[in-house]
**Q** 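First the structure, which I've put down as structure tokens, then a few questions once you've had a look.
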2 protein chains.
Amino acid sequence: MADGQSPQGETLLYLTDEQLRQGAEAMFFAYRGFTADPDRILAGLSYGRAHHRALHFIHGAPGTTVNNLLSILGVTKQSLNRVLRTLIEDGLVESQVGRTDKRERHLYLTADGEALEKQLTDAQRARMRAAFRQAGPEAVAGFRRVLEAMMDPEMRRHYQKLREGRG
Amino acid sequence: MADGQSPQGETLLYLTDEQLRQGAEAMFFAYRGFTADPDRILAGLSYGRAHHRALHFIHGAPGTTVNNLLSILGVTKQSLNRVLRTLIEDGLVESQVGRTDKRERHLYLTADGEALEKQLTDAQRARMRAAFRQAGPEAVAGFRRVLEAMMDPEMRRHYQKLREGRG
DNA sequence: CAGTTTACGTCAGTCTTGTTGACATTCCAA
DNA sequence: TTGGAATGTCAACAAGACTGACGTAAACTG
């Protein structure tokens, strides 16, 4: 294929159709593994992956507003609200009316919420840690570089902002 | 944290909780980008991501049985069947009763099915190609190494088998 | 101050895609 | 040949996404 070679004749094997196909399949299979462990825990709690995501990002950005969470998660407010309502009812998330802008709701995890978030994240991180350790630091750096390049620009902004906020 | 340093004192920065957390967020945001382009095409066709997956893997392994597809996709046969039925009704997939074992159905893409698969895959690959090109060959190798290590063993077997089947 | 915009919540309805359970057909082996 | 295992289909249901419409309160703006 024309894509197998660059104009300079330099081999770009990682850009052949077959390599791209394998990359896509790797994403598919790996994402399944990535979510498998927390999903198992959630199944017994009448919660789903959506609850995990909410807990994760509230934990990572305490005091975030509903609107901000919305744009990070990329779902509609109706969809998020269903999840958030159950989490608040169950005492895992606290919603505080904004001090300066009373229209806003600032979201925090309660002690119970932190506990569940930790449980879910620990399960997920065990697998990630093993994968990172096995692949080695250079592979991990490449992994992150490719993923970052694959994001939509707006998602990349969120990603980088979250990184900065935590150092 | 105890995890920031290996017993030998060698820095393992990529295994800190914060790095693992960033890895998880990268997976989340990148997967959204990964599926965004084909999803846009599918939205106008009354098909969903499940249809794309079926087309993708039938394309990659023509003549595969329903059961084999089931274990690759990791869903129930009832779930797959709904998707498969619409694809067959719409003339994108052909189902042939097995010659030796009449319980089995062998699946093939029709010309129309191949055309849609190509359209979807091209959209997805354009983004992957850009990401791969931007990140460079070493990053791509690391990307794949980490993803492979992240898979469930059974999924990794499927992944490797698909690779072998195509060279 | 009046009108508009923003932020949030909710009700109702739909769609995709996952799940169980029940059932028919086919193959194979005791 | 009969019973179990494998394969696939039909029916019903649930989670979680979506749109659209509406309501309320607060903030902003001319």
Side-chain angles (χ1 to χ4, degrees), chain A residues 28 31-32 35-36 38-58 63-90 93-108, chain B residues 28 31-32 35-36 38-58 63-90 93-107 120:
Chain A
F28 170 68
Y31 198 78
R32 301 267 306 285
T35 57
D39 280 359
R40 258 189 293 276
I41 296 171
L42 290 159
L45 299 174
S46 72
Y47 289 144
R49 208 175 287 176
H51 299 82
H52 180 196
R53 289 197 286 263
L55 291 174
H56 175 102
F57 286 109
I58 295 172
T64 186
T65 64
V66 173
N67 232 6
N68 183 42
L69 201 52
L70 236 43
S71 68
I72 288 176
L73 295 174
V75 297
T76 59
K77 62 178 178 177
Q78 293 91 330
S79 196
L80 175 59
N81 194 256
R82 187 182 340 106
V83 167
L84 230 38
R85 188 168 43 210
T86 69
L87 290 174
I88 292 170
E89 281 171 4
D90 295 352
V93 167
E94 199 185 352
S95 168
Q96 290 183 3
V97 173
R99 298 171 61 86
T100 63
D101 187 334
K102 293 179 191 166
R103 293 171 305 178
E104 295 179 340
R105 302 298 139 86
H106 298 274
L107 303 171
Y108 301 89
Chain B
F28 171 68
Y31 197 77
R32 301 267 305 285
T35 57
D39 279 359
R40 258 188 294 276
I41 296 172
L42 290 159
L45 300 173
S46 73
Y47 290 144
R49 208 174 289 176
H51 298 83
H52 181 196
R53 289 197 285 262
L55 291 175
H56 175 101
F57 286 110
I58 296 172
T64 186
T65 64
V66 172
N67 225 13
N68 184 42
L69 203 50
L70 236 46
S71 68
I72 288 176
L73 295 173
V75 297
T76 59
K77 59 183 177 175
Q78 295 89 332
S79 192
L80 174 59
N81 193 255
R82 189 185 329 107
V83 167
L84 232 36
R85 188 168 45 214
T86 69
L87 291 174
I88 292 170
E89 281 171 3
D90 296 352
V93 168
E94 199 185 353
S95 167
Q96 291 182 1
V97 174
R99 298 170 61 87
T100 64
D101 189 335
K102 292 179 190 166
R103 293 171 305 180
E104 295 180 341
R105 303 296 139 90
H106 298 275
L107 303 169
L120 294 169

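Naming: A, B, ... by sequence-line order, numbering from 1 per chain.
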**Q** With the side chain counted from C-beta on, respond yes when B:V97 and B:R105 share a heavy-atom pair under 4.5 Å apart, and no when they do not.
**A**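 Yes, side chains in contact.
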
**Q** Kindly say whether, by distance alone, the side chain of A:Q78 makes a donor-acceptor pair under 3.5 Å with the base of D:dG20?
**A**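 Checked by distance alone, the answer is yes.
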
**Q** Both B:R49 and A:N68 contact DNA chain C. Which one's nearest nucleotide lies toward the 5' end?
**A** A:N68

**Q** Which nucleotide wins on minimum distance to the side chain of A:V66, given the candidates D:dA17, C:dG9, C:dT19?
**A** C:dG9

**Q** What integer distance in Å separates B:L87:CG from C:dT17:C1'?
**A** 13 Å

**Q** With respect to the side chain of A:S79, which nucleotide from C:dC8, D:dC18, D:dT7 is positioned closest?
**A** D:dC18

**Q** Start at the 5' end of DNA chain D and walk down; is the nucleotide closest to A:V83 or to B:L70 reached first?
**A**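 Residue closer to the 5' terminus by nearest nucleotide: B:L70.
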
**Q** Is a donor-acceptor contact shorter than 3.5 angstrom present between the side chain of B:E104 and the base of D:dG8?
**A**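 Answer no: no donor N or O sits under 3.5 Å from an acceptor.
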
**Q** How close or far is atom P of D:dC18 from atom CG of B:L42, stated in whole angstroms?
**A** 16 Å

**Q** Choose from D:dG8, C:dT17, C:dT16 the nucleotide whose nearest atom is closest to any side-chain atom of B:S46.
**A**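 The closest nucleotide is C:dT16.
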
**Q** Looking at D:dA6, I'd like to know if its phosphate oxygens (OP1 or OP2) sit under 4.0 Å from a side-chain N or O belonging to B:N67.
**A** no

**Q** Report the distance from atom NE2 of B:H51 to atom CZ of B:R82, rounding to the nearest 0.5 Å.
**A** 8.5 Å

**Q** Hey, which of A:I88, A:V83, A:N81 is the one that makes side chain to side chain contact (heavy atoms under 4.5 Å, CB included) with A:R85?
**A**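 Per the side chain to side chain contact (heavy atoms under 4.5 Å, CB included) rule, the option paired with A:R85 is A:N81, out of A:I88, A:V83, A:N81.
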
**Q** Under 4.0 Å from OP1 or OP2 of C:dT26: is there any side-chain N or O of B:R99 that close?
**A** no

**Q** Applying side chain to side chain donor-acceptor pair (under 3.5 Å) between B:Y47 and each of B:T86, B:D90, B:D39, report the one that passes.
**A**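 Among B:T86, B:D90, B:D39, the one that satisfies the side chain to side chain donor-acceptor pair (under 3.5 Å) with B:Y47 is B:D90.
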
**Q** If you pin A:K102 and A:Y47 to their nearest nucleotides in DNA chain D, which one's is more 5'?
**A**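 Final value for this comparison: A:Y47.
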
**Q** Ignoring hydrogens and angles, answer whether the base of C:dG18 and the side-chain atoms of B:R82 contain a donor-acceptor pair closer than 3.5 Å.
**A** yes

**Q** Quick one: pull up CG in A:L73 and CZ in B:F28 and give me the separation to the nearest 0.5 Å.
**A**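 If I round to the nearest 0.5 Å, the distance is 5.5 Å.
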
**Q** Atom CG of A:N81 to atom P of D:dC18: distance rounded to whole Å?
**A**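 Whole-Å distance recorded here is 13 Å.
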
**Q** Mind checking A:H106 for me? I need base, sugar-phosphate or nothing, with any heavy atom below 4.0 Å counting as a touch.
**A**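 No contact.
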
**Q** Taking any heavy-atom pair under 4.0 Å as a contact, classify B:T86: base, sugar-phosphate, or nothing.
**A**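 Contact class for B:T86: none.
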
**Q** If you take atom types as modelled and just measure distance, does the side chain of A:R103 reach the base of C:dT6 with a donor-acceptor pair under 3.5 Å?
**A**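 Under the 3.5 Å cut-off, the side chain and the base do form a donor-acceptor pair.
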
**Q** From the set D:dC22, C:dT20, D:dA26, return the single nucleotide nearest to any side-chain atom of A:D101.
**A**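 That would be D:dA26.
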
